[in-house]
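Labels below follow one simple rule: chain letters A, B, ... track the order of the sequence lines, proteins then strands, and each chain is numbered from 1.
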Number of protein chains: 2
Amino acid sequence: MNSEGTLRHFNLRKTKIRIAVLDALAQSVGALSYAVLQERLIEFDRTTLYRTLLTLSDHGLIHKAYEENGESYYARCFGCSDQAHNHEHLHLKCSSCGGVECIEISEQLKRNLAQLPFQEINISAKGSCSTCEPV
Amino acid sequence: MNSEGTLRHFNLRKTKIRIAVLDALAQSVGALSYAVLQERLIEFDRTTLYRTLLTLSDHGLIHKAYEENGESYYARCFGCSDQAHNHEHLHLKCSSCGGVECIEISEQLKRNLAQLPFQEINISAKGSCSTCEPV
DNA sequence: ACTAAAAATGCAACAGTGTTGCAAGTAAGT
DNA sequence: ACTTACTTGCAACACTGTTGCATTTTTAGT
């Protein structure tokens, strides 16, 4: 689904910055930091960008994939709603390029994690991303 | 080992704020946020507190246990050095009291994680801490 | 205990993140 | 096209984290 369709599907108004943010995240291999988003979307006020990221997060269209030293990285959600998030993946911070990537985890690991009596379980790690060290 | 001994062991100078930070973290059940530390250590300049947290982290005496919305939580390390960190535990952010606790993870989960080709693997989650919901 | 060198501290200043209130502008249904 | 509710841009603010520099403290050697 394209960004406009996604917004309609989530009952959100179709505005320029929302489409721009969703497009930027859709086109990116990994997650994007707030700083990079702001750079790419200079035509919008930074307050608006913050509020857009909040709105899209609250409704389950995007999620904060990673946070380190006050830098937040955002990625598009797949299979999330405003009711439940489905983030059974690992967020990898690349030691080479600094990018953040979402990595699928094994079924076994998912089962292990599912046994824990907690919610919003999040795994992050550092290493080489697929761009910097192709398989 | 007490805080002064720990500092000597790591070849760090024994200063008031370092002892105060280590004592505060040692006496706390869970991790403490920068804001709380600053509150408890008002007699010191906040720049000094930041630099102290950096120094203690760099040398493996403490670690940043959790970070969310720009809030950093610090905890004492056990069995870490400036060479290698041993953080095979989960950082639980309590949904009730807001505190952050370090939780031991199962051997099976440790093995699963050890198989991943990444470093500095970190798991965080939300739920009820042991104080808010005793076992 | 004294001294000198090295390290740590406090202060001022700064850049960045994230938030709020409010007036003006825009989207969407009728 | 009109109306209402939502969204945006702007100004202002609080907090986090960092740097440079003068001053103070720690430590090791005498």
Side-chain angles (χ1 to χ4, degrees), chain A residues 2-24 31-59 61-74 82 93 98 100, chain B residues 2-24 31-59 61-74 82 93 98 100:
Chain A
N2 66 11
S3 300
E4 303 196 15
T6 307
L7 286 171
R8 199 173 307 117
H9 178 256
F10 281 89
N11 272 311
L12 287 175
R13 289 196 178 185
K14 188 180 72 177
T15 70
K16 283 179 193 171
I17 190 166
R18 288 178 187 169
I19 295 168
V21 167
L22 290 177
D23 281 350
L32 294 177
S33 69
Y34 162 75
V36 166
L37 282 168
Q38 193 186 353
E39 224 170 81
R40 296 203 191 166
L41 304 171
I42 24 160
E43 65 262 40
F44 302 102
D45 187 78
R46 68 185 194 86
T47 311
T48 307
L49 178 52
Y50 274 109
R51 283 197 271 231
T52 301
L53 293 172
L54 271 180
T55 304
L56 297 180
S57 292
D58 285 349
H59 290 80
L61 284 76
I62 67 173
H63 64 284
K64 192 184 277 189
Y66 185 82
E67 186 175 354
E68 190 184 28
N69 299 125
E71 263 203 302
S72 297
Y73 289 77
Y74 297 88
D82 56 354
K93 168 81 171 175
V100 171
Chain B
N2 65 11
S3 300
E4 303 196 16
T6 307
L7 287 170
R8 200 174 307 118
H9 179 257
F10 281 89
N11 271 311
L12 286 175
R13 291 194 176 191
K14 189 179 70 177
T15 70
K16 283 179 194 170
I17 190 169
R18 287 179 188 167
I19 294 168
V21 167
L22 290 177
D23 281 350
L32 294 177
S33 69
Y34 163 74
V36 167
L37 282 169
Q38 193 187 351
E39 224 170 80
R40 295 203 192 166
L41 303 170
I42 24 160
E43 65 261 41
F44 302 101
D45 188 77
R46 67 185 194 87
T47 311
T48 307
L49 178 52
Y50 273 109
R51 283 196 270 230
T52 300
L53 293 172
L54 270 181
T55 304
L56 297 180
S57 292
D58 286 349
H59 290 80
L61 284 76
I62 67 172
H63 65 284
K64 191 184 278 189
Y66 186 81
E67 186 176 356
E68 189 182 29
N69 300 125
E71 262 204 303
S72 297
Y73 290 77
Y74 297 88
D82 55 354
K93 168 82 171 174
V100 171

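Taking 4.5 Å as the limit, every side-chain heavy atom of L61(B) sits out of range of all side-chain heavy atoms of R18(B). Residues L7(B) and L56(B) are in side-chain contact: their nearest non-hydrogen atoms beyond the backbone lie under 4.5 Å apart. The shortest distance between side-chain heavy atoms of N2(A) and L22(A) does not fall below 4.5 Å. The shortest side-chain heavy-atom distance between K64(A) and N69(B) falls under the 4.5 Å cut-off.
Scored by the side-chain hydrogen bond (donor to acceptor under 3.5 Å, both in side chains) test, T52(A) finds no partners at all (sequence neighbours excluded). T6(B) is linked by a side-chain hydrogen bond (donor to acceptor under 3.5 Å, both in side chains) to R76(B), counting only residues two or more places apart in sequence or in another chain. For S33(A), the side-chain contact (heavy atoms from CB on, under 4.5 Å) criterion is met by A35(A), V36(A), E71(A), Y73(A), not counting sequence neighbours. Scanning for side-chain hydrogen bond (donor to acceptor under 3.5 Å, both in side chains) contacts around D45(B) gives T47(B), with sequence neighbours left out. Residues forming a salt bridge (charged side-chain N to carboxylate O under 4.0 Å, His left out) with K16(A) (at least two apart in sequence, or on another chain): none. Residues passing the side-chain contact (heavy atoms from CB on, under 4.5 Å) test with D23(A) are S3(A), I19(A), Q27(A), sequence neighbours excluded. Remark: E68(B) engages Y66(B), K126(B) in a side-chain hydrogen bond (donor to acceptor under 3.5 Å, both in side chains) (not counting sequence neighbours).
With hydrogens and angles ignored, the 3.5 Å screen pairs no side-chain donor or acceptor of H9(B) with any backbone N or O of G5(B).
A heavy-atom distance below 4.0 Å to DNA chain C is reached by these residues of residues 13-20 of chain B, ordered by number: R13(B), T15(B), I17(B), R18(B).
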Restricting both atoms to N or O, compile the protein contacts to nucleotides 1-4 of chain C shorter than 3.5 Å, with distance only.
none

Distances under 3.5 Å only, N/O to N/O: pair up the protein atoms with those of nucleotides 28-30 of chain D.
none

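One atom, CG of L53(B), and another, C1' of dG17(D), lie 11 Å apart when rounded to the nearest Å. Rounded to an integer number of Å, the gap from CG of L37(B) to C1' of dG17(D) is 15 Å. With rounding to whole Å, E43(A) atom CD is found 13 Å from dT8(D) atom C1'. Per the geometry, CG belonging to L49(A) stands 15 Å off C1' belonging to dC10(D), to the nearest Å. Distance, L56(A) CG to dT7(D) C1': 13 Å, rounded to whole Å. Here the P atom of nucleotide dT9(C) and the CG atom of L12(B) are 11 Å apart, to the nearest Å. Rounded to whole Å, the distance from CG on N11(A) to P on dA27(C) is 17 Å. As rounded to whole Å, 10 Å separates atom P of dT7(D) from atom CG of L7(A).
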Base versus backbone protein contacts along nucleotides 13-22 of chain C [heavy-atom cut-off under 4.0 Å; B, S, -]: B---BBBBB-
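Of all non-hydrogen atoms in G70(A) and E67(B), the two that sit nearest each other are N-OE2, 2.7 Å.
Once rounded to the nearest 0.5 Å, the distance linking CG of L49(A) with OH of Y74(A) reads 8.0 Å. In this structure, the separation between CZ on R46(B) and CG on L37(B) is 14.0 Å, given to the nearest 0.5 Å.
Comparing the local axis fitted to the first five base pairs of the helix from dA1(C)-dT30(D) to dT30(C)-dA1(D) with the one fitted to its last five gives a bend of 40°, rounded to 10°.
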